[in-house]
Number of protein chains: 2
Amino acid sequence: MNTGHAYKLSAGIADNLVSILEEAIVFLELAPNERLTEEEVAERYGVSRSPVRDALRSLERDGLVLREARRGIWVTPMSLRDFDEIYSCRVALEAIAAEQAARSTNTALKAQLAQVLDAMRAAREAGDARLFFSHDVRGSELIYQIADNATLHRLLKGLEKQALRYRYHLYRRNPGVVDLSLDDTARVFQAIIEGDVPGAYRMEHDLIERIWRETRDAIRDEFGEGRK
Amino acid sequence: MNTGHAYKLSAGIADNLVSILEEAIVFLELAPNERLTEEEVAERYGVSRSPVRDALRSLERDGLVLREARRGIWVTPMSLRDFDEIYSCRVALEAIAAEQAARSTNTALKAQLAQVLDAMRAAREAGDARLFFSHDVRGSELIYQIADNATLHRLLKGLEKQALRYRYHLYRRNPGVVDLSLDDTARVFQAIIEGDVPGAYRMEHDLIERIWRETRDAIRDEFGEGRK
DNA sequence: ATTCACCATACTGTATCCAGTATACAATGC
DNA sequence: GCATTGTATACTGGATACAGTATGGTGAAT
């Protein structure tokens, strides 16, 4: 992970901590339910508690950690319940992101979608999960940028991080799961590039929903139903 | 130091500040674009900068203030652009909230929807905008609770605050705008109570979309197109 | 043996202090 | 007169010191 002193200070310590901790949580280096204390995190990265507090509040907002006043901080547990919540929101929002992206005339950004797809395929071939997901995330980021809706962008970025933890977990257990999505992803990209507005909406909606449906059994087996 | 104890300390100073500042921004007591400094806010409420910092970061995450590193903090400006972004997300999310609420069998909570509607009508009769909106918000809150989806709840709460600032502004200028929604709101509530899942989705979707369409001209006249 | 009260402890919440940077204005050189 | 650079200032970012509370254990009393 980052031994502790390799982060860049340019963007502020708190922002760097957010990135570092996000990645650690998404890629399961910090286990679900693991207890975090501000002091310990501060010590581990050689900073004071102030930026750590800021970072942890930021992670709380994105649902990656839970905080209870004067009680403590924990990495958000994983559960089918949580998974369903995230995906029910993602289905709706990713669909309108694709729709709005298809409406855009920003050909320069649209052209990059094809490159991202190639990179995803290459990473899939190489069997590199983290690389695959980093390209996948870049593709989503591109779509959000093309859609040019800052509010939607912000909401989806938050959901994406949460979703990615589940997707990464599934991928590690069964790398075949990404095959589910690669071809359909290509079709969504194509619809966006061509400006096929209803097509982009429907394909993205159906794609996310299908991934949701087809992976939730594995999530339930692994993490249980969740709170009731 | 801490001379004024007018606020409640029970939930933590920062959380109280969030509520207070949120309300001040939503109800336009703090004008869009107004500059805020941590020290000034701290002094005004008789607290130190620490909880103010926490509160302002929280508001930033909900899009109510903008912060630039070492430059300053401003109340988020209002614009048609911003309005469109918020509503395009709300249309999608409120619809699935209504849908999921219709699926619920929580009759106790559903029963409260009728009471909320009466309270909204009474406030409308009395011409009390803030009371009307407080009941309106309570109705939305109920739907989110019935839908029983914490992630969706969180996202919609954030959007609601931003949307409410525009709605409140419009209401003050023309109280008739709420008539647009009252009867349709009643129908949505009814669909949720009856468990009419597709009906709740469609009616809520169309309701929010119609309010969006029918109010955006007024927003443009008032605040301009926004960033380009 | 069980329960209740007390206390030690460890954490978060808050206050305050220090550092660094962006901005505006003034002074100086061309 | 204009530009450029130095400098003062005011703010946020980060560090540290202090306060208050939740929790777990230990002890005594019943």
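The sequence lines fix the lettering, A, B, ..., with proteins before strands; numbering per chain opens at 1.
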Check whether more than 12 heavy atoms from other residues, nucleotides or ligands sit under 6.0 Å from atom CZ of B:Arg173, and answer yes or no. no

Could you say whether A:Ser50 or B:Leu56 is positioned toward the 5' end of DNA chain D, judged by the nucleotide with the nearest heavy atom to each? B:Leu56

Whole angstroms only, please: what is the CZ-C1' distance between A:Arg53 and C:dT16? 15 Å

I'd like to know whether CD of A:Glu39 has more than 12 heavy-atom contacts from other residues, nucleotides or ligands below 6.0 angstrom. no

Using the six-membered ring wherever Trp is involved, compare the ring planes of B:Phe133 and B:Tyr171 and label them parallel, tilted or perpendicular (cut-offs 30° and 60°). perpendicular

Using a heavy-atom cut-off of under 4.0 Å over every strand shown, decide if A:Thr37 touches base, sugar-phosphate, or nothing. sugar-phosphate

Within a 6.0 Å radius of atom CD on A:Glu43, are there more than 12 heavy atoms belonging to other residues, nucleotides or ligands? no

With a 4.0 angstrom cut-off to heavy atoms of chain B, pull out the first and last contacting nucleotide of DNA chain D, in 5'-to-3' order. D:dC11 to D:dG13

Tell me, please, whether A:Phe27 has A:Arg165 positioned over its six-membered ring: NZ or CZ under 6.0 Å from the ring centre and within 45 degrees of its axis? no

Could you give the CG-to-C1' distance, from B:Asn16 to C:dT14, as a whole number of Å? 14 Å

A:Arg35 near the nucleic acid: base, sugar-phosphate alone, or nothing, with a heavy-atom cut-off under 4.0 Å? sugar-phosphate

Calculate the interatomic distance between A:Glu39 atom CD and C:dT12 atom C1'; express it in whole Å. 11 Å

I'd like to know if the side chain of A:Asn174 and the backbone of A:Leu170 have a donor-acceptor N/O pair within less than 3.5 Å. no

Separation of A:Glu43 atom CD from C:dA10 atom C1', in whole Å? 14 Å

Using atom CG of A:Leu36 as one end and atom C1' of C:dT12 as the other, report the distance to the nearest whole Å. 14 Å

Can you tell which of B:Glu85, B:Arg90, B:Gln162 makes a side-chain hydrogen bond (donor to acceptor under 3.5 Å, both in side chains) with A:Thr151? B:Glu85

Contacts under 3.5 Å, N or O only, protein and nucleotides 18-25 of chain C:
| residue | atom | partner | partner atom | Å |
| --- | --- | --- | --- | --- |
| C:dT23 | OP1 | B:Arg71 | NE | 2.5 |
| C:dT23 | OP1 | B:Arg71 | NH2 | 3.4 |

Length of the CD-P vector between B:Glu38 and C:dC17, whole Å: 16 Å

Check ion pair B:Arg81-A:Asp148 (N to O, under 4.0 angstrom): yes

Counting C-beta onward and ignoring hydrogens, is there a side-chain heavy-atom pair between B:Leu113 and B:Ile192 closer than 4.5 Å? yes

